[in-house]
Each structure stands twice: as structure tokens, then as C-alpha cells.
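Just so we're on the same page: letters track the sequence lines, and every chain starts at 1. Just so it is clear, the values below take in all heavy atoms, side chains as well, and ignore hydrogens, waters and symmetry mates.
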2 protein chains.
Amino acid sequence: MSMTNNYELYKVFYWAAKTGSLTQAAKALYLTQPSVSHAIKQLEDSFGLILFYRNSKGVELTQEGSILYSYIEQSQILISTAEEKMAALKNLDNGELRIGGSDSLFKHYVLPYLEEFHEKHPGIKLHLNHGTTPEVITFLKEGRIDLGVVRMPIVDSQLEVRESFKLQDCFVAGARFAEIKNKVLSLESLLQYPVILFSRNSRARMAITEIFQNYGYTIKPEIEVGSVDLLIEFARRGLGISYVTREFVSKELEEGSLFEIRLDVPLPPSHVGIMTMRNMPLTSAASRFIELVR
Amino acid sequence: MSMTNNYELYKVFYWAAKTGSLTQAAKALYLTQPSVSHAIKQLEDSFGLILFYRNSKGVELTQEGSILYSYIEQSQILISTAEEKMAALKNLDNGELRIGGSDSLFKHYVLPYLEEFHEKHPGIKLHLNHGTTPEVITFLKEGRIDLGVVRMPIVDSQLEVRESFKLQDCFVAGARFAEIKNKVLSLESLLQYPVILFSRNSRARMAITEIFQNYGYTIKPEIEVGSVDLLIEFARRGLGISYVTREFVSKELEEGSLFEIRLDVPLPPSHVGIMTMRNMPLTSAASRFIELVR
DNA sequence: GTTGGTCATAGACATGGTCTATAGCTCCTG
DNA sequence: CAGGAGCTATAGACCATGTCTATGACCAAC
């Protein structure tokens, strides 16, 4: 007798043993009593063992039935726990959302959405992994995050990118350069001042380098830094003119510790995208988050 | 979405996750790949969640799939352990056999069969519960033993009794009564001697009382004892003539410390029966044992 | 005896699980 | 770059089998 039972039979067995009645088991399973009777018989035949004593009040486990029950009970409990867990995941009562991106984007863009998301789905654990754009892409490909928030453009056939926020980068300076506060500068004249840029491998740096090149100039920074906070701090202290995302310095602009330098040409805005693996299904939490950001 | 999944789907899920391939899972389950693909889809639809990433090398669990797997894996392991256990019970590699009866019957009749049984099925644990016939019947009805070995006749509609051994009871005496060693006594003349009988409620006692009554006599013991060992011991010491099962004193008869008193009428043999609950299925071990005794 | 509860059995029916055939995709190789 | 060899997904047909209804047999209680 090969052990090739329909596992469905164990569900029937479980309820029959649990309720001590084929009739009750049938009700619990929304079946008829003969179906349950038949199912139990199938199981008994497949083992070549009798699992229940039948009497006029219902059924009772035999010695062998009890042994089977001790295993099947555990098994069924695990399954129903699993089903509850799945339902919870579906309802976003449960689960985790892992996002990758840069610290400054998190701080200025993602945070309000995260707050909203967390408020709506307090059961979902949030994991934020910061890194540079290439690092975030690696995280995604390695499956360590569900989605990445990075500056566009991203060209990678494995990734799907949804454009979301628009960012406006600009040049800012502090009190030391007060003389140009109300002037409108050309790109060329800007090059006379000491410029502070983000490190070479960043998207923002590549973008501004390209803009100057398009106009025939080459921008070379006096200082290179690795974080937006330093970009801001150096500008405030008058070490130079920083190229920074306007939205990241809104506080400083407001309080007047920095001012934006007006240029005679418009600087094209850049975009932030939410990227995910192409052709890979998203977790419920991830797709809900993306929906929310839209 | 009601959680009314076919548990069979979990088996498919388990193998798909375990092998990382729908094709492999299909082979393991003796199904075709489309069937497995369909089954997984059903499961995913029922949860409203994606369980696997599909790629060109096979499938891989998603976050949610992994959570499901952690439960289902345990569950499936329990089930297959249970199936192995059932097969072992069927093969009598495993299990227990609980027998009730009197010590003397065990010693002289059941023991050789128990030895044989134990040799053939060393995995079966043996439990011997000794007691009087009514106690053994109670044990049976309470489900504390699988079968009882008692003296016939038993009249109880709930019980099924299989006649098995034949016992010959007889009167024995020791050296003190050497005078009658080679005589043939009548029942009446026997009554002149002091008789030692088993206690009033025993089957053997009832049987001999009845025999004498049928011949118009009344047998009244000088001494009443509660164990076969005492019956033998008292006879050896010459305290009287004991009525005892011949097979229980075969050693003493052989060595000559006791001799059997010959009578002018035959004493009817009594029988030992194996009793079980009527209409209750036997464990594999119990039915195998009964078969062996036959 | 009758009623109301159990489980078992028989036979009909239709659901749905499984199949074959095929398409689409990715990766690897000559 | 074309072709092959993996993989999974889809469509549609079929029939096995799980489920039903109807009924029987049994037991306990009133």
C-alpha cells in the first residue's frame, strides 16, 4: 500500500477525531455525513488499520487512531496558523517592507509617506537600508530590499522604475557671498566662485557636470563631499557655493542662513524614481506603499 | 476570501518550495508540470498573495511564500512521520499489546505464545495486567487491555470469546495421603478427606462445586486459598487434597512431590478463552496474537 | 413500539484535478 | 545570432473521484 493519500483526508480525520462524531465533522467541514464516513474509510483502507471505534453515540479513536491523531493534530494546527498568517499578510496586518535609498531622500521625501503607511498598517515592520544608487540596485537584485528610492534616470533592463517626485537642484551660498544674493549670474561667472559638489559617483554630480558641458563649460569643484549635510554645512560656513537639491535646504533658505543663487539659464529638474525588480511580484506591503506614494 | 483550501495544494506547494522547481515537484508527485503550475496558482489566488518568483531556472519563494513554507514544511514532516508510523503499526514493527488474565494462566499458557510473539515482533511492547475474571472483563470494557485470557464460560453479550486451550483440573495430594495413591476413588469417598479449594468467586471453584452437585454431593473445603501457588504448597505439606489444574502442577507430579488422585468418574475439562470486545476492531497486534494462538 | 440519534452503503452526478499540446520566456552554446 | 534546452503559463478536453441523495442498520431512550 503506497502512501499516496490525499491530504484532504487528514482534514476530515482531524475533525472527526476532534469532535468525536462523523456527523459533527461533516457540519464543521460543510460536507454530508456519508462523505465523511467515506473519507474515513478511505484512510483506514489506505493504512490497513482501523482508526475509530464506531458506536451509537459517535466515534472514538482506537489505539492506532490516537497515534495518528497526535501527529495530525499538530499538523492541522500549523496549517490553520499558516492560513491565518497569510490572511494577515494580505490585509497588511503583518509583514515587512524593506526600502533602500539615500538618507537625504528618506529624510525629505520618503519619511512623510512612511509615517502615513506606518499609521495605516502598524503591523508592518519597516526596514530602511541606505546606500548609493548602485548599492541600492545591488540590494534589490540580491533581494535584500523590496523597493529602492533613487534619483533618475536609471537604465537597467532588470528594473522597473516609476517616476515619482520632481527635485529641483540649485546653487546656494551663505553670508560670505552676500554680494551675489540679488544678482542673476551666468554659468560662466559662477565658475569664478569656489564650488562645493557631491562626490564624483553621485547622480546629482553627474547631472550638473553634464549641464555645464552642454553649455561648453567644465565645472570643477573646490571641495567634494560625501553627504548632503556637509554640502549644506560647508555652504553656511562660507567655504563655497554648494550645488544641492533645493528641497533639502528649504529650512536654511527660509531662515536666511543660505540663499539661492539665481542663474540666467534654467537648471533642468531631476526626478526621483521608485524602482523594483521587473517581472518580480511585489509583496502586498510594497505594492500598497507604491500605490500610496502615487 | 474564505480559507477553504484543498490541503492537497499544500503538498504541491511543499514540494515546489523544497525542490525550487515546479517541474521537479511534478516528478516527485507523479504529476505533470502544468498541474503543479495550476495548483500553485490556485493557492496564490486563494491567498491573494504571490508565493513564488518564477525565473528561467525554476521558482523561488517570495517573502510571503517563505513564511508559508515555514509552517507547511513542519506540517508536511509531521504528516509523513505519521504515515511512516502507521505503516510501522501495520507491519507490527511498533505498537503495544495489552493482555489481561490470571497470573497462573499467563505462566502456564500464555507465556510461550508471548515469547513467540515477542520474538517475531520485538517492536511491540507487551503489557500484562493480572486480575480475576470479573476484573479482567472490567479492564476490557474500560479499554485498558486489548484482550483477556480467562477461564470459560463467559456469558456477556458485549464480549466475544474464542475458546482456545483445554485445561484438565484434578485432585492432587502429597506424601501424607500416600495410602490413596494407587486407588481409584469415588466422589463420595473423596469427601472424607480434607479438601483445599480456590476461593469462592473463582471459575475453577464454581466448576467443581457444580460437578459434585450434579452427582448429588456437596463439596465443602477445609481450606480456601486465593492463589494457585498456595493450593500447590498446602497440598505438598499435607494439609489436604487440592483441586488444581493439572497443567499447573506438572512439575510437582513429575518430581513426585504430588500425585494425582484417580477417580471413578471423569472430571470434565474446562476451557480457556481469549475474549475481546464484540464489535470493536482489534489492534493489528491483538489480532496477530490471537491468530498466533490459534 | 416508536422516535431520534448514530454510522454505513449504494448509486448517480458533476465538479474540478489532471492531462496533452502549445506558447512564451531566458539562458547557454556553437 | 540562430537554435536548442531548460523553465513556467495557458487553453481546452476528459474522466476520475469526491460529493450528494436516499436508504439501511443499529442502538439508546422514552
Would Lys41(A) and Glu44(A) pass as an ion pair if we require N to O under 4.0 Å?
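Salt bridge absent between Lys41(A) and Glu44(A).
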With a 4.5 Å cut-off on side-chain heavy atoms, are [Y] and [X] touching?
{"X": "Lys18(A)", "Y": "Tyr69(A)", "value": "yes"}
{"X": "Leu128(B)", "Y": "Leu114(B)", "value": "yes"}
{"X": "Met275(A)", "Y": "Val136(A)", "value": "yes"}

Please determine whether a side-chain nitrogen or oxygen atom of [X] lies at a distance below 4.0 Å from atom OP1 or OP2 of [N].
{"X": "Arg54(A)", "N": "dA8(C)", "answer": "yes"}
{"X": "Ser37(A)", "N": "dC7(C)", "answer": "no"}
{"X": "Ser35(A)", "N": "dC20(D)", "answer": "yes"}

When you check the side-chain N and O atoms of Tyr71(A) and Glu84(B), is any donor under 3.5 Å from an acceptor?
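Short answer, no.
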Any side-chain donor-acceptor pair under 3.5 Å between Arg162(A) and Thr276(A)?
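Distance-only check passes for Arg162(A) and Thr276(A).
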Mind calculating the distance between [atom1] ([X]) and [atom2] ([N]) to the nearest angstrom?
{"X": "Ile40(B)", "N": "dT8(D)", "atom1": "CD1", "atom2": "P", "answer": "10 Å"}
{"X": "Tyr53(B)", "N": "dA9(D)", "atom1": "OH", "atom2": "P", "answer": "15 Å"}
{"X": "Lys41(B)", "N": "dC7(D)", "atom1": "NZ", "atom2": "C1'", "answer": "17 Å"}
{"X": "Lys11(B)", "N": "dT18(C)", "atom1": "NZ", "atom2": "C1'", "answer": "14 Å"}
{"X": "Glu60(A)", "N": "dC7(C)", "atom1": "CD", "atom2": "P", "answer": "13 Å"}
{"X": "Asn55(B)", "N": "dT8(D)", "atom1": "CG", "atom2": "C1'", "answer": "10 Å"}
{"X": "Asp45(A)", "N": "dA8(C)", "atom1": "CG", "atom2": "P", "answer": "11 Å"}
{"X": "Phe52(B)", "N": "dC25(C)", "atom1": "CZ", "atom2": "C1'", "answer": "19 Å"}

CG/Leu147(A) to CD1/Ile99(A) distance, rounded to the nearest 0.5 angstrom?
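Spacing of CG (Leu147(A)) from CD1 (Ile99(A)) equals 5.0 Å.
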Starting at the 5' end of DNA chain C and moving along, which residue's nearest nucleotide shows up first, Pro34(A) or Ala39(B)?
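The residue whose closest nucleotide sits nearer the 5' end is Pro34(A).
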Tell me, which of residues 14-33 of chain A have any heavy atom that sits under 4.0 Å from an atom in DNA chain C?
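DNA chain C contact set from residues 14-33 of chain A: Ser21(A), Leu22(A), Thr23(A), Gln33(A).
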From the list dA21(C), dT9(C), dT18(C), which nucleotide is the closest neighbour of the side chain of His38(B)?
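Comparing dA21(C), dT9(C), dT18(C) against the side chain of His38(B), the answer is dT18(C).
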